[in-house]
Amino acid sequence: RQRQMCIRDRVNTMQAEAMQEQRTTSKTKSYICRILLLLGVLLLAMGLWYGVQGYQMYRNVLAETPIAEKTAAIEQQESFVPYDALPQIYVDAVISVEDQRFFSHSGVDISAMIRALWNDLRTRSFAEGGSTISQQLAKNQYFTQEKTLQRKLAEMFLAHAWEQVCEKQELFALYVNTIYFGDGYTGISEAAEGYFHTTPQQLTDYEAVMLAGLPNAPSAYALQEHADLAEQRMQQVLQAMVANQKLTQSEANEILQEKS
């Protein structure tokens, strides 16, 4: 009988310990859930706050200069080159290296932004921004280069709004006629004349692909001082065009040979 009592006590003790462990585990899970819920609420509140700030910034810049007015001012420039006058290989090169889904998204490419964020976190370089051509146009024409979340959101609002006003071809032309190519040249017309003494319509395939890569980092790739880096950038553009099925590898190799 004494042995049975000892066994019963041991079982009771084990059951009590198990129940205590369950209570502790339950409390821990409950605590973790509360923390996660609190973090979720905080993130949502921050997102809403930044969203409101970004939207207000977007509304403010449009109040100063409406999209239609900004578009007209660019297209009225003497050096403006319309989309139809641009070499197709230049269009393909820019889209391949800058914004592969340009003709399918509505101003903001969420998948590209997620991919860029992942690559930035993985490499710890924060070199990719995931901005579309429309976003870059909006940033360059309405905002400073300051990197803030409010400005990024305002840029996204504006890019989407600009897409509602202009066709894709018109947006592309606005972009390439206003971006900086380095060495003091702004816009595709100045860059073609300044670097190659020709018009955009008369660019060779080599020249067109070369110019497509310069705006990514115009100071670093400026042809007059950094021709070797510009050449490396051009090879990246060609690789992107092959990956985007705009060129075959053989055609890309032929373009590289044009220099010689």
Side-chain angles (χ1 to χ4, degrees), residues 71 74-104 112 127-129 131-137 140-141 166-260:
T71 299
I74 296 172
E75 293 178 338
Q76 288 169 7
Q77 293 175 3
E78 186 177 350
S79 61
F80 184 83
V81 182
Y83 180 87
D84 291 341
L86 296 168
Q88 186 60 47
I89 191 169
Y90 175 72
V91 174
D92 291 341
V94 173
I95 290 176
S96 294
V97 77
E98 294 282 353
D99 186 1
Q100 294 181 13
R101 285 161 41 85
F102 173 68
F103 283 106
S104 60
E128 297 189 34
S131 293
T132 63
I133 284 174
S134 305
Q135 285 177 253
Q136 293 181 63
L137 174 65
N140 293 339
Q141 295 304 309
C166 298
E167 297 292 334
K168 288 287 188 176
Q169 291 82 355
E170 187 176 11
L171 283 168
F172 186 90
L174 292 171
Y175 174 67
V176 300
N177 277 277
T178 54
I179 49 177
Y180 184 57
F181 288 81
D183 290 315
Y185 304 130
T186 298
I188 182 63
S189 184
E190 283 190 14
E193 176 62 34
Y195 283 130
F196 302 116
H197 310 294
T198 189
T199 64
Q201 297 91 325
Q202 299 300 317
L203 289 168
T204 66
D205 289 351
Y206 178 93
E207 294 166 348
V209 175
M210 173 65 78
L211 290 181
L214 301 184
N216 177 255
S219 297
Y221 299 135
L223 273 170
Q224 294 178 7
E225 295 184 17
H226 306 292
D228 53 339
L229 293 178
E231 184 89 18
Q232 293 176 25
R233 174 60 177 167
M234 180 185 176
Q235 293 180 27
Q236 293 175 354
V237 176
L238 287 170
Q239 290 170 7
M241 295 180 74
V242 171
N244 206 32
Q245 299 183 339
K246 296 302 182 181
L247 292 175
T248 65
Q249 188 59 57
S250 176
E251 290 171 333
N253 294 337
E254 289 179 7
I255 290 174
L256 274 177
Q257 297 303 314
E258 283 187 20
K259 182 180 179 181
S260 57

Trace of the side chain to side chain contact (heavy atoms under 4.5 Å, CB included) decision for Leu174 with Phe80: CA-CA 8 Å; Leu174 292 171; Phe80 184 83; 4.3 Å; yes

Using modelled atom types only, decide if a donor and an acceptor are shared between the side chain of [X] and the backbone of [Y] within a distance under 3.5 Å.
X      : Y      : answer
Glu258 : Tyr206 : yes
Asn244 : Ala240 : no
Gln202 : Thr199 : no
Tyr90  : Ile188 : no

Give me the atom names and distance for the closest heavy-atom approach of [X] to [Y].
X      : Y      : result
Ala93  : Ala212 : CB-CB, 3.5 Å
Val242 : Ala252 : CG2-CB, 3.8 Å
Val237 : Val97  : CG2-CG2, 4.0 Å
Val81  : Ala173 : O-CB, 4.0 Å
Phe181 : Tyr195 : O-OH, 3.2 Å
Pro200 : Pro87  : O-CG, 3.0 Å

Listed pairs under 3.5 Å, donor-acceptor, residues 214-224 side chains, sequence neighbours left out:
from, atom 1, to, atom 2, distance (Å)
Gln224, NE2, Tyr185, OH, 3.3

Side chains of Asp92 and Gln88, donor plus acceptor under 3.5 Å: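 Yes, Gln88 and Asp92 have a side-chain donor paired with an acceptor closer than 3.5 Å.
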
Would you call [X] and [Y] a side-chain contact if the rule is heavy atoms closer than 4.5 Å?
X      : Y      : result
Leu211 : Phe196 : yes
Asp99  : Gln135 : no
Leu86  : Val176 : yes
Gln136 : Tyr175 : yes
Leu256 : Gln235 : yes

Ile74 and Gln141: CA distance, side-chain angles, deciding distance, side chain to side chain contact (heavy atoms under 4.5 Å, CB included) verdict: CA-CA 10 Å; Ile74 296 172; Gln141 295 304 309; 3.8 Å; yes

Can you tell me how far apart [atom1] ([X]) and [atom2] ([Y]) are? Round to the nearest 0.5 Å.
X      : Y      : atom1 : atom2 : value
Gln257 : Ile255 : CD    : CD1   : 11.0 Å
Gln201 : Asp84  : CD    : CG    : 11.0 Å
Met210 : Thr204 : CE    : OG1   : 9.5 Å
Arg101 : Ile95  : CZ    : CD1   : 13.0 Å
Thr71  : Gln76  : OG1   : CD    : 10.5 Å
Ile133 : Lys168 : CD1   : NZ    : 8.5 Å

Evaluation steps, side chain to side chain contact (heavy atoms under 4.5 Å, CB included), between Val209 and Met241: CA-CA 10 Å; Val209 175; Met241 295 180 74; 4.2 Å; yes

Under the side chain to side chain donor-acceptor pair (under 3.5 Å) test, residues paired with Gln249 that sit two or more places apart: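 For Gln249 the side chain to side chain donor-acceptor pair (under 3.5 Å) partners, ignoring immediate neighbours, are Asn253.
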
Criterion side chain to side chain contact (heavy atoms under 4.5 Å, CB included) on Glu170 and Glu75, from CA distance to verdict: CA-CA 9 Å; Glu170 187 176 11; Glu75 293 178 338; 2.5 Å; yes

